[in-house]
Amino acid sequence: SGSGLPLMVQRTLAKQVTLIERIGKGRYGEVWRGSWYADSVAVKIFFSRDEASWRRETEIYSTVLLRHDNILAYVGSDMTSRNSCTQLWLITHFHPLGSLYEHLSRTTLTRHQMMVICLSIVNGLLHLHTDIHGTQGKPAIAHRDIKSKNILVKVNGECCIADLGLAVTRHHVSAGLMHNPRQGTKRYMSPEMLDQTMNLQSFDCYRKCDIYAFGLVLWEVMRRVCPAAEHRPPFYELVGHDPSFEDMRKIVCVEGARPEPPVDSHPTMIGVAAIMRECWHQNASVRLPALRIKKTLLKYAANDNA
Ligand code: ADE
């Protein structure tokens, strides 16, 4: 499949894809289920005003070997002109269960299912965040828009991380190549982004923002373990549907609000609740690195026989 191919070759690929049904629509554009011969694929069609996100995602997938079970697999990209309108396609694997957000809205989880979801997300995040040297290597990447809508659920119960439209490599940050006018999702923005004290020149600060957002996702997942509460986006009771930057700054920075961990006395649940508090800590320098989160979750999983 497409990762290293020039766009001229990928054009052939896009012409072989048939769009079948629209499965998502948002500020970014649309996602369709399509077919490529016998395979289902997902086609994300970007609004042309968000060309920067299409470019960045295409650039990252074509310059970095990003094959990992917990990162959405890339098939190819295409740019075509239809009646003077630019069409931007990103073609990836298709996952019939859709996003983690949709999955949590639909179903409750066992503790085991919760652990599989949390461990797989942190595995994907760890792979993104890690510098790997050598010919099969990759630079460290920060995602910058971690949220339950950007995580997909696979039929084996694991998740994969999607949407690299805002992602930055260590190289992008040190070279100042950051020109995407799009911002991350306000609801998941870290306190240092909201009060604008973050050091935008430090790659490590972007990784810490991912960890903050991951802590909120842990909360969303944990809440759906039986006896489960309804799925809610983080801070929904405080800011409702479409919070402004100022709404978020007020509750997260000024009031120091964080979601209420579910009441459950099981050691695994107490352990996961402790991890999420360390992930969403006000002080970014004490947030846990992905490797530490993974090791701690593995320890809880090994001790949980139920
Ligand atoms: N929604 C967004 N991307 C998707 C994908 N690759 N598969 C299924 N649903 C999606």
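When a ligand or atom number is given, it counts from 1 through the structure's own listing order. Predicted model, so just to flag it, every value in this text is computed and none were measured. As a basis for the values below, the full set of heavy atoms in this structure was taken, side chains included, without hydrogen atoms, waters or symmetry mates.
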| remark: Here the atoms of ligand 1 under 4.0 Å from any heavy atom belonging to Phe94 are 7 (N), 8 (C)

| remark: protein heavy-atom neighbour closest to atom 6 (N) of ligand 1 works out as His93 O, 2.9 Å

| Hey, mind stepping through Asp304 and Arg111 against salt bridge (charged side-chain N to carboxylate O under 4.0 Å, His left out) and telling me if it holds? | CA-CA 9 Å; Asp304 193 338; Arg111 244 185 4 255; 2.8 Å; yes

| field | Output field: ring centroids Phe203/His172 closer than 6.0 Å | value | no

| request: Would you mind listing which atoms of ligand 1 come within a distance below 4.0 Å of any non-hydrogen atom of Thr92? | output: 6 (N)

| Which residue supplies the protein heavy atom nearest to atom 1 (N) of ligand 1, what is that atom called, and how far is it? | Leu152 CD2, 3.8 Å

| Pair Thr197, Glu192: side-chain N/O donor-acceptor within cut-off below 3.5 Å | no

| field | Aromatic plane relationship, Tyr61 with Tyr74 - under 30° parallel, 30 to 60° tilted, over 60° perpendicular | value | parallel

| query | For Phe245, is the NZ or CZ atom of Lys186 found under 6.0 angstrom from the centre of its six-membered ring and inside 45 degrees of the ring axis? | reply | no

| query | Which residue owns the protein heavy atom closest to atom 7 (N) of ligand 1, what's the atom, and how far is it? | reply | His95 N, 2.9 Å

